[in-house]
Amino acid sequence: MWSPPNPREYNAQVWQIVERIPKGRVMAYGQIAALLPTPQGVDDETYRRLGPRWVGAAMRAVKGVKIPWWRVLNAQGQISLPAGSDSALEQRHRLEQEGLIFDAQERLDLAAVGWQPDDESDA
DNA sequence: CGTTTGACTACGC
DNA sequence: CGCGTAGCCAAAC
């Protein structure tokens with residue numbers, strides 16, 4: 001994954017969306033990328049491919065930023081951090097504490113707990 | 001200075 | 001439904 005033309009601004013936009021995710025709900029990297037406008041100087045084609053990874057980059061940059069970063073998963077409903085890593089364990093713990101349940105394959109049912117800004121059934 | 005390595009996805013088997 | 005692969009850039013090794 002690389003970084004968008006203006007990382008600082010892009011990250012801010014990503015975090016702005018992440019902080020709106022209700023407790024007990026989650027969003028995928030690609031889903032968040034799709035909500036943001038294609039950064040200037042980048043064609044839609046390129047953004048379509050790299051957007052999700054840039055969102056991942058924004059999440060990596062989250063240090064000390066107060067947002068529910070653990071509610072962001074990959075499109076498969078799985079935690080995208082290195083399995084077994086401290087951060088991965090922390091993410092899973094926080095999600096389970098919000099009542100979310102992982103299946104035998106360490107996945108969450110996005111169709112059930114996935115969320116988007118216009119989703120009325122939040123909270 | 002060549003390789004490896006990323007908080008990703010869609011797509012083809 | 002699971003697994004491998006392409007896409008594609010820069011920085012760390």
Side-chain angles (χ1 to χ4, degrees):
Chain A
M1 74 355 142
W2 315 289
S3 53
N6 189 329
R8 312 300 293 278
E9 186 187 330
Y10 189 76
N11 290 353
Q13 295 183 86
V14 171
W15 297 336
Q16 194 177 307
I17 290 179
V18 175
E19 64 186 358
R20 291 191 51 193
I21 306 177
K23 178 182 178 182
R25 309 301 290 284
V26 301
M27 275 206 259
Y29 300 95
Q31 196 181 354
I32 293 173
L35 291 176
L36 297 174
T38 299
Q40 264 186 16
V42 181
D43 56 274
D44 299 323
E45 173 64 32
T46 300
Y47 184 61
R48 192 171 57 192
R49 292 197 311 269
L50 276 45
R53 304 183 73 154
W54 288 347
V55 170
M59 296 310 284
R60 265 183 297 146
V62 172
K63 294 176 181 174
V65 181
K66 292 184 178 179
I67 58 173
W69 57 267
W70 57 90
R71 295 179 191 154
V72 183
L73 314 172
N74 62 31
Q76 302 171 72
Q78 302 177 296
I79 286 175
S80 257
L81 288 163
S85 65
D86 292 331
S87 47
L89 292 175
E90 180 187 349
Q91 180 168 21
R92 174 165 181 166
H93 177 68
R94 285 177 176 285
L95 288 171
E96 293 183 318
Q97 212 166 321
E98 295 189 347
L100 300 182
I101 302 178
F102 287 82
D103 61 21
Q105 302 156 86
E106 302 294 301
R107 298 180 313 187
L108 288 183
D109 182 0
L110 289 186
V113 300
W115 183 84
Q116 54 182 319
D118 59 296
D119 193 329
E120 297 300 327
S121 64
D122 47 20

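These numbers come from the heavy atoms of this one structure, side chains and all, not from hydrogens, waters or symmetry mates. Everything quoted here is computed from the prediction, not taken from an experiment.
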A.B. asks: Any carboxylate oxygen within less than 4.0 angstrom of a Lys/Arg side-chain nitrogen, looking at A:Glu98 and A:Arg94?
C.D. replies: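 Between A:Arg94 and A:Glu98 there is no salt bridge, as every charged N stays at least 4.0 Å from the carboxylate O atoms.
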A.B. asks: Regarding A:Ala28, tell me which of base, sugar-phosphate or nothing describes its non-hydrogen contacts under 4.0 Å with the strands shown.
C.D. replies: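 Counting heavy atoms under 4.0 Å across all strands, the contact made by A:Ala28 is with sugar-phosphate only.
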A.B. asks: Rounded to the nearest Å, what distance is computed from the OH atom of residue A:Tyr29 to the C1' atom of nucleotide B:dG6?
C.D. replies: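 Those two atoms, OH and C1', are 12 Å apart.
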A.B. asks: Please report, rounded to the nearest Å, how far the P atom of C:dC1 is from the CD atom of A:Glu106.
C.D. replies: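 Computing the A:Glu106:CD to C:dC1:P distance gives 17 Å.
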A.B. asks: List the atom pairs, with distances to 0.1 Å, where a side-chain N or O of residues 10-18 of chain A and a protein N or O form a donor-acceptor pair under 3.5 Å, not counting sequence neighbours.
C.D. replies:
| residue | atom | partner | partner atom | Å |
| --- | --- | --- | --- | --- |
| A:Tyr10 | OH | A:Tyr47 | OH | 2.7 |
| A:Asn11 | ND2 | A:Pro7 | O | 3.4 |
| A:Trp15 | NE1 | A:Ala58 | O | 3.1 |

A.B. asks: Quickly work out the A:Tyr47 OH to C:dG7 P distance and round it to whole Å.
C.D. replies: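 About 21 Å, once rounded to whole Å.
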A.B. asks: Within this structure, what is the CD-to-P distance between A:Gln76 and B:dA10, rounded to whole angstrom?
C.D. replies: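 Answer to the nearest Å: 9 Å.
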A.B. asks: Looking only at side-chain N and O atoms, does A:Arg107 come under 4.0 Å of OP1 or OP2 in C:dG2?
C.D. replies: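 True: A:Arg107 side-chain N/O within range (under 4.0 Å) of C:dG2 OP1/OP2.
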A.B. asks: Report yes or no: does A:Gln97 contribute a side-chain atom to a donor-acceptor pair with the main-chain N or O of A:Arg92 at less than 3.5 Å?
C.D. replies: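 Checked: no pair found.
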A.B. asks: Between B:dT9, B:dA7, C:dG7, spot the one nearest the side chain of A:Trp69, thanks.
C.D. replies: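 When the side chain of A:Trp69 is considered, B:dA7 is the closest of B:dT9, B:dA7, C:dG7.
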A.B. asks: Does CG in A:Asp43 sit with more than 12 non-hydrogen atoms of other residues, nucleotides or ligands closer than 6.0 Å?
C.D. replies: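 Yes.
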A.B. asks: For C:dC8 and B:dG2, measure between their P atoms and round to the nearest Å.
C.D. replies: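 Comparing P positions in C:dC8 and B:dG2 gives a spacing of 22 Å.
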A.B. asks: Without decimals, in angstroms, what is the distance between A:Trp54 CH2 and B:dT9 C1'?
C.D. replies: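 Taking CH2 of A:Trp54 and C1' of B:dT9, I get 15 Å after rounding.
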A.B. asks: Grab the CG-C1' distance between A:Leu35 and B:dC8 for me, whole Å please.
C.D. replies: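 Rounded to whole Å, this separation is 16 Å.
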A.B. asks: Roughly, in whole Å, what's the span from CZ in A:Arg53 to P in C:dA11?
C.D. replies: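 Rounded to the whole Å, the gap is 15 Å.
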A.B. asks: Which nucleotide in the set B:dA7, C:dG7, B:dT9 lies at the smallest distance from any side-chain heavy atom of A:Leu81?
C.D. replies: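 So the nucleotide nearest the side chain must be B:dA7.
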A.B. asks: Can you tell me the distance, in whole Å, between the CD atom of A:Gln78 and the P atom of C:dC1?
C.D. replies: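 After rounding, the gap between these two atoms is 13 Å.
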